[in-house]
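Residue numbers count from 1 along this sequence.
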Amino acid sequence: MVYSSEEQAYQDLVDGKLDVLTRIPAEKLGSFEKELGSRALTKPGGSIMEITIPANDANFRGEAGRLRRRALSMAIDREGMARDIFHGMVLPATGFVAPLDGSIPPTPEGADVLTYQPEKARELWEQAEKLEPFDGIFSISYNTDGGHKTWIDAVAKQLSDTLGVPAEGHEFATLKDLRQEVIARHLTGAFRTIWQAEFPEESTFLVPLYASYSSENESGFNSSEYDELLKKAGQAKSREEAQKHYTEAQGLLLEKMPAIPLWTTKTFCAFGEDIVPAGYTWKPTPNYYLIHRA
């Protein structure tokens, strides 16, 4: 069954009309485990939420753009939002990859840009303004059918309050509508991006999203140095050697900030009263083939 509302899907689960639910409404994140007890499962997930800023955005080119990207990142209180909005159901990002098979990859150099530093953020923004004044409104496009409005509004308010820049969410009714505009490269402002790992290695994030040769690189980031690090990682003789190059590649991303990593998700799943809960795959998604009625 396909639902247009996460709230209705959750209510159907509670009412015994739905067997398995893998998306929990934002307003239920702080209470669903208590309400459902052993029928609720959580685990660090293999996806990361980001705000992508296209390379062709005039406000974010050159040195002024680099400073602004870093300022925006430091103006966002990820820990506060993880606690107050998501009730601990997301983890503040420490890089450009999500936990893989439940473990967090090494933190790259420069990851402090992902921490809340409002004074430093204002300083960087002021430096950028001296080079080239910001023009217009910083908009973040998102789909309203995915429960994103609350955190988008909170991020926009923090950016406005901290940096003095007009910021607001730009609504699209559905994910399909948003993705059509992103793929067509019609958006001039930033947009929310979430990426789910396809296999348990850093390259599942770093190659498709930021390699210059990737058709899924929607930020427009282009760096031969970055591509070379990915190549070295792919040719590495050991997992440790590959991870070293991937960590260096993340360091380059943290310097240039083609996107602003926000948080990595926890996976949550809820089961109907007469359903025997199953564990997770590495992704993690429920082991659907193990799910059965009691």
Side-chain angles (χ1 to χ4, degrees), residues 43-53 55 66-83 86 88-117 120-121 124 151 155 190 192-212 214 216-223 225-234 236 239-267 282-284:
K43 182 180 180 180
S47 62
I48 187 168
M49 182 74 76
E50 301 174 333
I51 295 174
T52 300
I53 305 174
R66 188 186 72 86
L67 292 170
R68 284 199 179 100
R69 291 168 184 267
R70 296 171 67 81
L72 290 171
S73 180
M74 294 182 185
I76 299 171
D77 183 3
R78 295 165 177 79
E79 290 191 2
M81 291 189 184
R83 180 189 64 246
F86 294 99
M89 292 298 159
V90 299
L91 300 169
T94 58
F96 281 80
V97 301
L100 297 166
D101 203 11
S103 64
I104 300 176
T107 300
E109 183 177 351
D112 63 313
V113 74
L114 304 181
T115 60
Y116 185 45
Q117 302 180 61
K120 180 66 173 178
L124 293 177
W151 72 260
V155 167
R192 77 152 197 98
T193 302
I194 190 166
W195 190 262
Q196 171 70 50
E198 296 181 350
F199 48 89
E201 186 184 70
E202 289 94 323
S203 61
T204 193
F205 297 99
L206 302 180
V207 173
L209 291 177
Y210 303 109
S212 63
S214 171
E216 294 168 305
N217 177 350
E218 295 171 344
S219 69
F221 179 68
N222 190 325
S223 168
E225 183 180 1
Y226 179 81
D227 291 346
E228 183 63 24
L229 285 169
L230 296 182
K231 181 180 179 180
K232 289 180 178 179
R239 169 68 180 141
E240 291 73 20
E241 182 185 353
Q243 195 168 67
K244 173 179 177 292
H245 294 309
Y246 287 137
T247 302
E248 290 176 5
Q250 283 199 75
L252 280 179
L253 294 178
L254 288 166
E255 176 63 26
K256 302 297 185 180
M257 298 297 286
I260 301 173
L262 297 175
W263 38 76
T264 61
T265 60
K266 288 184 180 180
T267 294
W282 67 265
K283 285 192 173 184

Do the non-hydrogen side-chain atoms of [X] and [Y] ever get within less than 4.5 Å of each other?
X: Ile51; Y: Leu72; value: no
X: Pro261; Y: Leu114; value: yes
X: Trp151; Y: Leu262; value: yes
X: Phe86; Y: Thr265; value: no
X: Tyr246; Y: Pro105; value: no
X: Phe205; Y: Leu100; value: yes
X: Gln117; Y: Asp112; value: yes
X: Tyr116; Y: Pro92; value: no

| field | Check against side-chain contact (heavy atoms from CB on, under 4.5 Å), Asn222 and Asn217 | value | CA-CA 9 Å; Asn222 190 325; Asn217 177 350; over 6 Å; no

Does [X] have any salt bridge (Lys or Arg N to Asp or Glu O under 4.0 Å) partners at least two apart in sequence or in another chain, and if so, which?
X: Glu50; value: none
X: Arg69; value: none
X: Lys244; value: Glu248
X: Arg83; value: none

Calculate, to the nearest 0.5 Å, the distance between atoms [atom1] and [atom2] belonging to [X] and [Y] respectively.
X: Phe96; Y: Ile260; atom1: CZ; atom2: CD1; result: 9.0 Å
X: Thr193; Y: Ile53; atom1: OG1; atom2: CD1; result: 10.5 Å
X: Gln196; Y: Ile48; atom1: CD; atom2: CD1; result: 11.5 Å

| message | Quick one, Val113 with Met257, criterion side-chain contact (heavy atoms from CB on, under 4.5 Å). Give me CA distance, side-chain angles, the key distance, then yes/no. | response | CA-CA 9 Å; Val113 74; Met257 298 297 286; 4.0 Å; yes

| Which residue pairs pass the side chain to side chain donor-acceptor pair (under 3.5 Å) test with at least one member in residues 70-80, sequence neighbours excluded? |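 Those involving residues 70-80 are Ser73-Arg78.
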
| Tell me, which pairs form a side chain to side chain donor-acceptor pair (under 3.5 Å) where one or both residues lie in residues 225-234, sequence neighbours left out? |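 Every pair satisfying side chain to side chain donor-acceptor pair (under 3.5 Å) with a residue in residues 225-234: Ser212-Asp227.
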
Of all heavy-atom pairs between [X] and [Y], which one has the smallest distance, and what is that distance?
X: Thr247; Y: Pro106; answer: OG1-CB, 4.2 Å
X: Ala75; Y: Ala121; answer: N-CB, 3.8 Å
X: Gly46; Y: Ala98; answer: C-CB, 3.8 Å
X: Lys266; Y: Leu91; answer: CE-CD2, 3.8 Å
X: Gly220; Y: Ala55; answer: O-CB, 3.8 Å

| field | Derivation of the side-chain contact (heavy atoms from CB on, under 4.5 Å) call for Val155 and Met81 | value | CA-CA 9 Å; Val155 167; Met81 291 189 184; 3.6 Å; yes

| Side-chain donor/acceptor of Glu202 to backbone N/O of Ala242, under 3.5 Å |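 Not confirmed, Glu202 side chain does not pair with Ala242 backbone.
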
| request: Look only at the side chain of Trp263 and the backbone of Met89, and say whether a donor-acceptor pair between them is shorter than 3.5 Å. | output: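 Not a single qualifying donor-acceptor pair exists.
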
| message | Using side-chain contact (heavy atoms from CB on, under 4.5 Å), reason through Leu209 and Glu216 one step at a time and then give a plain yes or no. | response | CA-CA 6 Å; Leu209 291 177; Glu216 294 168 305; 5.7 Å; no

| If you draw a 6.0 Å radius around CD in Glu109, do more than 12 non-hydrogen atoms from other residues or ligands fall strictly inside? |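 No, CD of Glu109 has 12 or fewer neighbouring heavy atoms, counting only those of other groups under 6.0 Å.
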
